[in-house]
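Just so you know, ligand 1 is whichever comes first in the structure, and atom 1 is the first atom listed for that ligand. Everything quoted here is computed from the prediction, not taken from an experiment.
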Amino acid sequence: MTDEAITLLGLESSCDDTAAAVVRLSDGRGAILSSVVAGQADLHAAFGGVVPEIAARAHVEKIDLCVEEALARAGLGLGDLDGIAVTAGPGLIGGVLAGVMCAKGIAAAAGLPILGINHLAGHALTPRLTDDLAFPYLMLLVSGGHCQFLIVEGADRFRRLGGTIDDAPGEAFDKTAKLLGLPQPGGPAVEAEAAHGDPARFAFPRPLLDRPGCDLSFSGLKTALLRARDGIVAEKGGLTRTDRADLCAGFQAAVAEVLAEKSRRALEEYLSLAPAAPAFAVAGGVAANAAIRERLRSVCARAGVRFVAPPLALCTDNAAMIAWAGIERFRLGLIDGLDLVARPRWPLDLGQPALIGGGKKGAKA
Ligand code: KG4
Ligand code: ZN
């Protein structure tokens with residue numbers, strides 16, 4: 001480890017956000033000098049999901065502009081950088097390629113080292129940038145594309161305790177919203193409806209709670225919601241506001257309960273390692289849900305474990321997390337060459353079999 005400051009440019013383009021950021025480590029602390037995120041939600045809205053070809057084209061068009069803006073906002077030029085970190089997977093391959101090719105071009109032209117970052121490692125290492133967490137800590141990634149429990153043992157060492165065997169929870173929130181005629185992204189809309197609904201009116205299933213371990217499943221929940229909706233429509237000819245709110249409340253309560261119970265189990269496994277400063281961190285858009293966040297917070301309080309939720313802008317896809325993961329690897333001397341490859345699938349924990357199933361936002365690794 002060096003005491004010298006390290007400044008990296010980070011690039012992210014694995015899904016539907018084109019992003020560039022500059023992050024600096026000095027005196028042992030990371031600081032975000034700039035973070036630019038250009039979303040594509042408007043381009044995909046009419047299709048009800050991310051269209052890989054449209055996403056890839058938009059990344060190619062926007063990534064150079066994002067880099068220019070990130071450098072300008074940081075007040076730096078390429079000559080001030082120590083390297084370039086880029087998401088090299090997992091994700092939609094056209095987008096990942098756009099980022100990797102851009103990073104290679106800059107690295108070759110400016111004579112800078114390049115660092116290929118696993119997108120999930122970017123999410124998983126963020127709590128060290130925001131909250132200075134010490135290894136090992138427990139991480140729950142919950143978004144529209146990811147759902148897994150990881151023990152983060154080091155910048156390059158991750159142990160996967162379990163994850164979804166089908167949909168990610170954000171995907172389930174989005175589908176629920178669609179089934180109930182609510183706007184996208186579904187999470188915030190369903191949460192707002194649930195706030196004035198009765199969570200006990202519908203007995204939705206708690207998938208996989210009867211099985212040991214930390215794996216999760218959300219696709220059955222979506223089917224149960226569809227059946228409940230169709231039942232009401234068949235009986236009454238349509239949904240009232242109360243019906244909709246009760247359906248949302250029941251769905252959200254089921255997701256929260258499953259996530260809380262699986263988190264409790266993951267914590268048990270993590271605590272058996274006797275970490276000196278136990279901590280549980282969440283990342284991903286679903287962590288914005290107040291009801292879910294509170295359930296997780298109380299699971300942690302009962303287990304005597306610190307609960308950390310980075311600010312939302314750093315929980316969702318961004319390039320600061322990629323630059324930071326790059327800094328962590330740079331310190332370990334884990335630098336790549338210009339032969340770096342873009343990977344559609346890239347499990348963080350190589351000791352575990354890769355998950356089957358892609359999901360609407362691409363591979364979940
Ligand atoms: O992390 P993110 O911005 O993007 C990726 O999926 O990579 O997460 C977006 C997901 C969407 O599915 C969205 O519906 C969900 O997070 N989400 C929420 C809430 N806010 C966003 N889900 C539940 N409650 C929320 N308040
Ligand atoms: Zn992500």
Side-chain angles (χ1 to χ4, degrees), residues 10-19 21 35 37-41 44-45 48-50 52 55 87-92 95-96 99 117-126 139-148 150 163-164 167-180 182-195 197 218 221-222 248-249 251-256 258-259 281-296 309-322 324-325 346 348 358-365:
L11 301 183
E12 157 62 35
S13 57
S14 64
C15 187
D16 58 351
D17 290 301
T18 317
S35 181
V37 181
Q40 308 176 349
H44 304 288
V50 178
T87 301
L92 301 171
V96 179
I117 306 300
N118 183 309
H119 176 88
L120 301 169
H123 280 302
L125 294 170
T126 300
M139 186 82 208
L140 169 61
L141 301 181
V142 267
S143 71
H146 327 296
C147 184
Q148 52 185 300
L150 294 166
T164 182
D167 292 351
E171 233 172 320
F173 268 97
D174 294 341
K175 285 176 186 165
T176 294
K178 209 167 166 187
L179 290 173
L180 299 178
L182 297 168
Q184 297 292 320
V190 171
E191 181 176 13
E193 286 292 318
F218 294 99
L221 201 47
K222 176 190 67 196
C248 287
F251 166 82
Q252 181 175 279
V255 175
V258 169
L259 285 173
V282 288
V286 179
N289 185 292
I292 292 175
R293 205 183 262 240
E294 282 323 302
R295 285 297 293 269
L296 298 178
L312 198 60
L314 293 174
C315 274
T316 55
D317 287 352
N318 67 90
M321 70 179 191
I322 302 303
W324 173 253
W346 186 0
L348 262 185
K360 82 173 161 60
K361 290 195 162 187
K364 295 179 192 87

Check against side chain to side chain contact (heavy atoms under 4.5 Å, CB included), M321 and L314: CA-CA 7 Å; M321 70 179 191; L314 293 174; 6.0 Å; no
Those atoms of ligand 1 less than 4.0 Å from some heavy atom in G145: 6 (O)
Test item: E294 side-chain N/O and A291 main-chain N/O as donor-acceptor pair under 3.5 Å: no
Those atoms of ligand 1 less than 4.0 Å from some heavy atom in G144: 5 (C), 6 (O), 8 (O), 9 (C), 10 (C), 12 (O)
D174: numbered ligand 1 atoms lying under 4.0 Å from its heavy atoms: 11 (C), 12 (O), 13 (C), 14 (O)
Side chain to side chain, D317 and H123, heavy atoms closer than 4.5 Å: yes
Contact with ligand 1 for C15, non-hydrogen, under 4.0 angstrom: no
Geometric class of the F173/F251 ring pair [parallel <30°, tilted 30-60°, perpendicular >60°]: perpendicular
Part of T316 within contact of ligand 1 (heavy atoms, under 4.0 Å): both
Short N or O distance, G284 and ligand 1, threshold 3.5 Å exclusive: no
By side-chain hydrogen bond (donor to acceptor under 3.5 Å, both in side chains) - contacts of N318 (at least two apart): none
Short N or O distance, N289 and ligand 1, threshold 3.5 Å exclusive: yes
Heavy-atom closest pair, residues E193 and C248: CB-SG, 3.6 Å
Atoms of the protein (N/O/S only) found under 2.8 Å from the Zn ion (ligand 2): H119 NE2, H123 NE2, H146 NE2, D317 OD1
Element-labelled atoms of ligand 1 that are located less than 4.0 Å from some non-hydrogen atom of D317: 7 (O)
Candidates T164, L259, I292 - the one meeting side chain to side chain contact (heavy atoms under 4.5 Å, CB included) with V142: L259
Side chains of D17 and Q40 in contact at under 4.5 Å (non-hydrogen atoms): no
Close side-chain approach of L140 to Q148, heavy-atom, < 4.5 Å: no
Closest non-hydrogen atom pair, A319 against G10: CB-O, 3.5 Å
Check: G170 N/O within less than 3.5 Å of ligand 1 N/O: yes
Subset of ligand 1 atoms that lie under 4.0 Å from at least one heavy atom of G186: 14 (O)
Worked verdict on L125 versus W324 for side chain to side chain contact (heavy atoms under 4.5 Å, CB included): CA-CA 8 Å; L125 294 170; W324 173 253; 4.1 Å; yes
Contacting atoms of ligand 1, where contact means under 4.0 angstrom from a heavy atom of F173: 22 (N), 23 (C)
Spatial distance of atom OG1 (T176) from atom CG (L221) [nearest 0.5 Å]: 6.5 Å
Backbone or side-chain N or O of P185 under 3.5 Å from ligand 1 N or O: no
